[in-house]
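Notes follow once the structure below has been shown.
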Amino acid sequence: MLEMNILRSDQDRIKTALKKRNLTPETLAQIDEIIALDDSRKATQTRLDKLLAEANQKSREIGQLFRQGETEKANVLRNEVNDHKGEIKDLEDNLKQVKESLSQMLFEIPNVPHELVVQGKGEEENVVVRDWNGDLPSFSGFSPLPHWDLADKYQLIDFGLGAKITGSGFPLFRGKGARLERALINFFLAEAEKAGYEEIIPPLLVNPDTARATGQLPDKEGQMYYVEKDDLYLIPTAEVPVTNMLRDETVSLEELPVKLTGYTPCFRREAGSYGSDVKGLNRVHQFDKVEIVQVAHPDHSYQILDEMVAHVESLLDKLELPFRILRLCGGDLGFTSAMTYDFEVFSAAQEKWLEVSSVSNFETYQSNRLNLKYRDGKSKPALVHTLNGSALALARIMAAILENNQDGSGINIPWALHSYTGFERID
RNA sequence: GGUGAGGUGGGUGAGUGGCUGAAACCACCGGUUUGCUAAACCGGCGUACUCUUAACGGGGUACCGCGGGUUCGAAUCCCGCCCUCACCGCCA
């Protein structure tokens with residue numbers, strides 16, 4: 001969530017920037033409400049502190065008087081303290097309530113877009129910052145099959161069995177399909193470790209505090225699978241457990257940037273999706289993903305964002321996949337992000353660009369909720385910037401690899417994966 | 001799941017109702033000393049909120065796992081929850 005003191009001191013800039021998200025006027029008006037409510041919070045706080053100070057003072061005197069045997073005077077004071085108890089209780093309750101509604105209202109204000117982010121309604125207005133200028137895969141002598149047909153033909157993925165065991169959107173990988181999946185995971189992890197990321201294998205279920213801290217709750221509650229009996233959520237991305245490792249921590253300057261990577265399956269209910277978008281691997285309830293996370297000094301976070309984008313580029317280069325990079329416009333930008341680059345890979349048979357990675361700088365939006373700070377020696381602890389990105393999401397990469405590398409009689413595995421798969425071709 | 005012990009500041013750890021925001025030690029920072037290092041000595045050393053100040057700073061409040069309660073007053077007493085450790089049960 002946004003920082004209250006910045007919201008107060010910088011509200012014009014923030015309002016202007018938030019307009020890029022095409023927010024309703026009501027949402028923008030909420031900022032004024034928040035500030036007004038915060039004013040009343042301060043007043044209540046001040047009044048309460050004053051009463052408590054008095055009560056504390058008198059309590060100390062009572063102790064002294066009792067020791068001196070002056071019980072009468074003590075009793076007078078005791079009654080005085082009791083007289084204010086009602087008001088103190090009211091103020092405390094009021095304060096608690098106000099704080100709660102304040103944070104609830106703050107949760108509803110999305111992050112402030114970076115100045116490079118353009119205004120826009122939706123994905124059509126995203127800015128292509130790096131287009132694909134090479135050739136797109138072309139096929140002669142046969143018509144390319146979409147990946148779900150290839151998966152079937154070469155027995156790589158069995159969607160029917162997945163549906164039988166669990167339901168639709170839970171693919172079952174088998175044989176060379178399973179090995180290719182595992183090869184991709186290992187390849188991505190190895191590349192991340194080469195780039196200096198520490199590998200994490202986190203829990204796949206998280207408690208509500210954790211889900212709240214990275215912003216999945218209350219925002220995306222309906223998108224997560226929930227285990228009611230134990231009050232736990234299945235993670236929609238490794239970002240959730242990995243970023244929460246640092247919740248309520250203060251890191252020293254030398255520890256920055258913290259670089260973490262983790263492979264996990266990701267679980268998403270994807271309520272409301274339908275049509276060709278969900279065919280095959282395009283949109284599934286369970287998929288594998290290697291995530292990269294960085295915790296950075298605010299002065300360096302955009303440099304680090306570029307570094308992370310370059311890392312994802314290098315992965316796609318090595319996989320020989322045609323891709324383009326978009327900077328999301330205000331309307332398409334995620335709720336918690338200040339700037340996001342999306343990577344799209346061309347899937348040759350579907351003739352579609354598929355989103356395979358999203359790399360974002362959250363600035364202090366996440367760290368504020370996480371209470372994640374750094375200390376630079378002398379000054380007070382300050383909030384860090386957090387960033388994360390997929391490097392990469394497996395399902396759609398798999399789809400693109402299968403479709404782009406088919407030659408009519410089989411599928412050629414990209415060279416970079418050979419040592420991970422142990423085979424060079426599927427046929 | 002059962003029983004027992006325990007959760008105090010960056011760490012170890014004292015503290016069973018007021019003089020304890022919290023001893024002591026370690027770590028850390030500053031200083032004295034020193035050819036350098038070390039040692040010794042002196043000083044400093046939590047966070048959040050709030051009021052005040054041009055600022056340095058100063059005042060107040062809250063926080064001893066979390067949430068309630070008792071009391072004029074709670075780290076300390078009571079209740080609930082969470083977590084850790086040990087043993088038992090179950091188990092990949």
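Values below: every heavy atom of this structure, side chains too, minus hydrogens, waters and symmetry copies. Numbered from 1 within each chain, the chains take letters A, B, ... in sequence-line order. A quick note: this is a predicted structure, and the numbers were derived from the prediction, not measured.
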Considering only nitrogen or oxygen atoms on both sides, find all protein atoms under 3.5 Å from nucleotides 72-79 of chain B and state each distance.
from, atom 1, to, atom 2, distance (Å)
C72(B), O2', S59(A), OG, 2.8
G73(B), OP1, K85(A), NZ, 3.4
G73(B), OP2, K85(A), NZ, 3.4
G73(B), O4', S59(A), OG, 3.4

Practice problem: Would you please confirm or rule out a distance under 4.0 Å between OP1 or OP2 of A48(B) and any side-chain N or O of K380(A)? | Solution: yes
Quiz item: How close or far is atom C1' of C49(B) from atom NZ of K50(A), stated in whole angstroms?
Solution: 17 Å
Practice problem: Look at the side chain of P381(A) and decide which nucleotide, out of U47(B), C49(B), G69(B), has an atom nearest to it. | Solution: U47(B)
Exercise. Nearest whole angstrom, please: distance from the C1' of A62(B) to the CG of L91(A).
Key: 15 Å
Quiz prompt | Atom pair CE (M245(A)) and CZ (R247(A)), whose distance is rounded to the nearest 0.5 Å | solution = 12.5 Å
Quiz item: Whom does G46(B) pair with, Watson-Crick or G-U wobble, provided both distances fall under 3.5 Å?
Solution: C63(B)
Quiz item: In whole angstrom, what separates D93(A)'s CG from G67(B)'s C1'?
Solution: 14 Å
Exercise. State whether R375(A) places a side-chain N or O below 4.0 Å from either non-bridging phosphate oxygen (OP1 or OP2) of U47(B).
Key: yes
Exercise. Grab the CG-P distance between L95(A) and A48(B) for me, whole Å please.
Key: 18 Å
Quiz item: Is a side-chain donor-acceptor pair under 3.5 Å present for S252(A) with E255(A)?
Solution: yes
Quiz prompt | Atom of P265(A), atom of D288(A) and distance for their closest heavy-atom approach | solution = CA-OD1, 3.8 Å
Quiz item: What integer distance in Å separates N371(A):CG from A48(B):P?
Solution: 9 Å
Quiz item: Would you say the side chains of E3(A) and Y365(A) form a donor-acceptor pair under 3.5 Å?
Solution: no
Quiz item: Looking at R41(A), does any N or O in its side chain come under 4.0 Å of the phosphate oxygens OP1/OP2 on U50(B)?
Solution: yes
Quiz prompt | Phosphate contact (G68(B) OP1 or OP2) by K96(A) side-chain N/O below 4.0 Å | solution = yes
Self-check item: Among A48(B), G68(B), C51(B), the one nearest K373(A) by side-chain distance
Solution: A48(B)
Quiz item: Roughly how many Å is it from CG in L48(A) to P in A62(B), rounded to a whole number?
Solution: 8 Å
Quiz item: To the nearest 0.5 Å, how far apart are NE2 in H285(A) and CD in Q223(A)?
Solution: 9.5 Å
Quiz item: Between H418(A) (side chain) and I413(A) (backbone), is there a donor-acceptor pair under 3.5 Å?
Solution: yes
Quiz prompt | Who pairs with C19(B) - Watson-Crick or G-U, where each distance is under 3.5 Å | solution = none
Quiz prompt | Check against side chain to side chain donor-acceptor pair (under 3.5 Å), Y341(A) and E313(A) | solution = CA-CA 11 Å; Y341(A) 290 102; E313(A) 281 186 61; over 6 Å; no
